[in-house]
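Residue numbers begin at 1 in each chain, while the letters A, B, ... track the order of the sequences.
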2 protein chains.
Amino acid sequence: MATLKDIGAELGLSVATVSRALNGFPEVNIKTRDKVREAAERLGYRPNRVAQRLVTGRSGMVGMIIKIRADMSADQTFFEMLTGLTAALAARDVDLVLAVDQDDDPVLPYRKLMERDILDGFILNAPVPDDPRVVFLQEKRIPFVMHGQTGPDADYACYGIDNAGVSEDAVKLLTSLGHKRIALLNGQSRYAYAVDRRSGFLNAMTAQGLNVPQAFLCSDAETEMQGYTHALAMLSGQNGPRPTAFICASTLIAAGVMQAAKDRGLQVPGDVSVIAHDDALPLMRAVNFEPALTVTRAPLRDACVPLANLLIDHVAGAPAEQKMDRAELIVRASTGPVPNEETDPWP
Amino acid sequence: MATLKDIGAELGLSVATVSRALNGFPEVNIKTRDKVREAAERLGYRPNRVAQRLVTGRSGMVGMIIKIRADMSADQTFFEMLTGLTAALAARDVDLVLAVDQDDDPVLPYRKLMERDILDGFILNAPVPDDPRVVFLQEKRIPFVMHGQTGPDADYACYGIDNAGVSEDAVKLLTSLGHKRIALLNGQSRYAYAVDRRSGFLNAMTAQGLNVPQAFLCSDAETEMQGYTHALAMLSGQNGPRPTAFICASTLIAAGVMQAAKDRGLQVPGDVSVIAHDDALPLMRAVNFEPALTVTRAPLRDACVPLANLLIDHVAGAPAEQKMDRAELIVRASTGPVPNEETDPWP
DNA sequence: TTAAAAATTCAAAACGTTTTAATTCTAGGT
DNA sequence: ACCTAGAATTAAAACGTTTTGAATTTTTAA
């Protein structure tokens with residue numbers, strides 16, 4: 001394996017010049033730079049990462065800790081993130097080291113991995129309000145980036161979508177179609193994103209002058225089953241009037257809702273409208289629904305590049321940046337005007 | 001962060017002695033060794049891995065490539081392995097770098113990751129006969145260890161269980177209970193383990209002087225569904241006599257078989273015996289079956305330490321070792337004597 | 001008491017890179 | 001021809017460890 005020294009010897013140059021030439025420093029003559037690059041190419045030079053890391057003081061590795069849940073849907077999102085993140089990190093010469101969280105203490109695996117002293121920082125996901133991991137990492141001054149955020153006004157690096165906005169867009173679409181009795185099938189309430197979706201939903205409804213009974217709100221694991229059972233209960237009409245529209249936390253939930261409507265003999269979107277948030281996971285594609293699903297769409301995969309860059313820059317000394325994107329509203333066939341006989345909000 | 005130099009300065013020793021003392025070299029005076037260790041402890045010394053790696057020429061990282069399948073059961077085994085491997089590797093100061101295989105070419109991700117020039121070796125799993133990855137890595141002289149093996153007489157580092165023996169044990173148990181019509185619900189035939197299970201099964205049956213009709217053999221993805229549908233077909237008796245016992249590639253398949261028996265109004269083990277191979281995954285526990293499942297048991301988790309050690313030693317220069325363990329036969333309540341009226345093999 | 005042997009310790013090189021400070025070279029102005 | 005500014009290059013230090021070969025100290029044997 002060729003080294004800087006080899007290239008220097010080949011061309012009669014010092015390693016310093018060779019190093020600078022390859023790194024594109026301005027003070028090196030353009031002709032020597034080209035010569036060096038040609039020689040590097042010819043000799044098959046590839047920088048020794050370990051040596052680079054020794055001198056720069058950074059390891060070029062970031063960690064991610066996976067929280068394993070019995071719920072399989074989590075695995076899906078994990079693989080999606082893993083795929084995107086390894087690619088995005090590799091593009092900047094950073095590697096991803098994985099560890100598994102099997103403990104009760106959410107902070108322990110971070111501490112353990114940090115003690116091994118090889119990581120430049122962490123990528124966190126699935127934030128909860130007042131996340132203890134954030135407290136720990138900030139206190140220890142360990143760089144990290146969060147996918148999503150624990151709450152408004154985060155003072156750490158994070159990237160995510162506007163979850164309140166997700167609900168807001170959904171409510172606006174549905175109310176513009178005349179819906180007044182709208183239910184929210186939310187994700188687990190311990191997660192920050194579910195909290196944001198809920199408050200965004202309630203605020204948007206209030207802004208429209210609409211009431212939301214407790215029976216129209218539920219929080220549960222993002223499974224087809226939860227969509228099915230909760231929707232079935234709401235559509236039974238036993239706890240008061242039935243909703244005319246559902247906002248679902250995920251396409252998986254929406255699948256359950258559609259099944260529930262079908263089993264009740266209701267048409268989508270004729271009798272019931274359904275809108276979901278879509279992470280664009282490969283397995284549960286919203287376009288393949290029958291009818292095609294109206295969604296707020298924010299591919300999980302798209303978060304990977306910003307996350308990787310945010311973290312790498314932060315590790316390199318850039319200030320912690322907060323970025324937030326708005327999900328895209330895609331109106332398909334699962335939403336329609338409110339049925340005529342249901343225009344009265346609470347008959 | 002304290003370095004060897006700091007400790008040396010503290011005690012008036014050279015870095016060489018300090019290094020040797022901490023690494024337990026025999027030529028260092030036991031009193032100085034203790035002094036050094038005490039000082040290291042007191043100053044909170046932790047070796048700089050990057051520096052170690054620079055001088056030893058090894059990166060201390062091994063790679064693993066995940067092949068993502070739509071079949072969710074694979075994720076389960078993956079997480080199980082990931083958990084065990086990260087722990088086993090960490091115990092020897094090695095980190096696991098993950099990448100995802102999304103391509104058709106099974107070799108490409110290995111080549112890509114190797115080009116990044118940071119890995120000491122690979123951990124491979126799910127071998128197929130004449131695995132192209134093995135050919136590639138051997139040709140490039142890249143160290144690796146295989147979980148399982150591509151065939152008999154592997155000439156590379158590998159660890160796994162005796163899959164022919166798994167079938168053999170199952171056949172022996174069932175024939176000792178009087179069963180003669182035994183079916184094998186195998187995993188996908190492209191995998192080496194399934195090939196071994198099949199040949200072990202056929203050999204053991206032949207050794208007992210028993211015939212196996214084609215209808216009693218099937219190979220498919222390891223899902224509850226495949227267990228259910230194949231068992232149901234066999235138990236219908238439309239393709240000849242019904243099997244009195246099933247050997248299942250996994251507990252997931254066994255779950256399907258039990259359901260099929262139930263739906264046909266058959267008792268387990270009164271009418272049909274069921275035995276499965278058990279990877280000891282947390283979600284589908286054989287003891288919790290009703291009746292509790294008889295299994296050949298080899299926890300996937302147990303493979304992690306041998307795999308990690310085999311690879312690390314091999315990277316350090318030890319010859320590639322092949323190890324194979326025998327699965328444990330655990331007789332529970334799902335196997336019993338053949339029903340009286342079925343003692344005739346082919347009525 | 002002394003030479004040889006054994007046990008410790010040390011200085012220095014090595015790993016391959018980046019970066020600082022110093023040096024050489026070139027061109028421009030007098 | 002001489003000085004100077006700027007451009008281009010270099011030598012050397014640094015990162016923190018391991019390891020080689022030499023040097024020192026201690027122990028053993030004569």
Check this one for me: any side-chain N or O of [X] less than 4.0 Å away from OP1 or OP2 of [N]?
| X | N | answer |
| --- | --- | --- |
| B/N48 | D/dC15 | no |
| A/T32 | D/dA8 | no |
| A/N29 | D/dA7 | no |
| A/Q52 | C/dT18 | yes |
| B/T56 | D/dT17 | no |
| B/S19 | D/dT18 | yes |

Let me know the distance between [atom1] of [X] and [atom2] of [N], rounded to the nearest Å.
| X | N | atom1 | atom2 | value |
| --- | --- | --- | --- | --- |
| A/R49 | C/dT18 | CZ | C1' | 15 Å |
| A/L13 | C/dT24 | CG | C1' | 14 Å |
| B/K31 | C/dA7 | NZ | C1' | 14 Å |
| A/I7 | C/dG16 | CD1 | P | 13 Å |
| B/M1 | D/dC15 | CE | P | 15 Å |
| A/R58 | D/dG16 | CZ | P | 14 Å |
| A/L11 | D/dA8 | CG | P | 17 Å |
| B/R53 | C/dT17 | CZ | P | 18 Å |

Charged N to carboxylate O below 4.0 Å: is that the case for B/D95 and B/R53?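 Here B/D95 pairs with B/R53 in a salt bridge, since their nearest N and O are under 4.0 Å apart.
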Between A/D313 and A/R92 (salt bridge meaning N to carboxylate O under 4.0 Å), is one present in this structure?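 Looking at A/D313 and A/R92, the cut-off is met.
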Measuring from the side chain of [X] (C-beta onward, heavy atoms only), which nucleotide among [options] has the closest atom?
| X | options | value |
| --- | --- | --- |
| B/T17 | D/dT19, D/dA12, C/dC10 | C/dC10 |
| A/A16 | D/dT17, D/dA12, C/dG16 | D/dA12 |
| A/V55 | C/dA11, C/dA21, C/dT18 | C/dT18 |
| A/F25 | D/dG16, C/dT19, C/dT18 | C/dT19 |

Would you confirm whether the ring centroid of B/Y110 sits within less than 6.0 angstrom of the ring centroid of B/F122?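 Yes, the ring of B/F122 comes within the 6.0 Å limit of the ring of B/Y110, centre to centre.
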Checking salt bridge (charged side-chain N to carboxylate O under 4.0 Å, His left out) for the pair B/R37/B/E41: CA distance, chi angles, key distance, verdict? CA-CA 6 Å; B/R37 296 221 165 137; B/E41 174 83 12; over 6 Å; no
Can you work out whether A/V15 or A/V28 has the more 5'-proximal nearest nucleotide on DNA chain D?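 With A/V15 and A/V28 compared, the 5'-side residue is A/V28.
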Going by ring-ring contact (aromatic ring centres under 6.0 Å, His included), name the residues that satisfy it together with A/F144, two or more places apart in sequence or in a different chain.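 Testing A/F144 for ring-ring contact (aromatic ring centres under 6.0 Å, His included), a comparison that skips the adjacent residues, returns A/Y156.
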Under 4.0 angstrom, heavy atoms only, what part of the nucleic acid is A/E27 near: base, sugar-phosphate, or nothing?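 Base contact - A/E27 has a heavy atom under 4.0 Å of at least one base atom.
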Name the nucleic acid region contacted by A/G12, choosing base, sugar-phosphate or nothing; use a 4.0 angstrom heavy-atom cut-off, strictly under.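 The residue A/G12 makes sugar-phosphate contact but no base contact.
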Side chains of B/S59 and B/D120, donor plus acceptor under 3.5 Å: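 B/S59 vs B/D120: donor-acceptor pair found between side chains.
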Classify the side chain of A/R20 versus the base of C/dT20 as yes if they form a donor-acceptor pair under 3.5 Å and no if they do not.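 A donor-acceptor contact between them is present.
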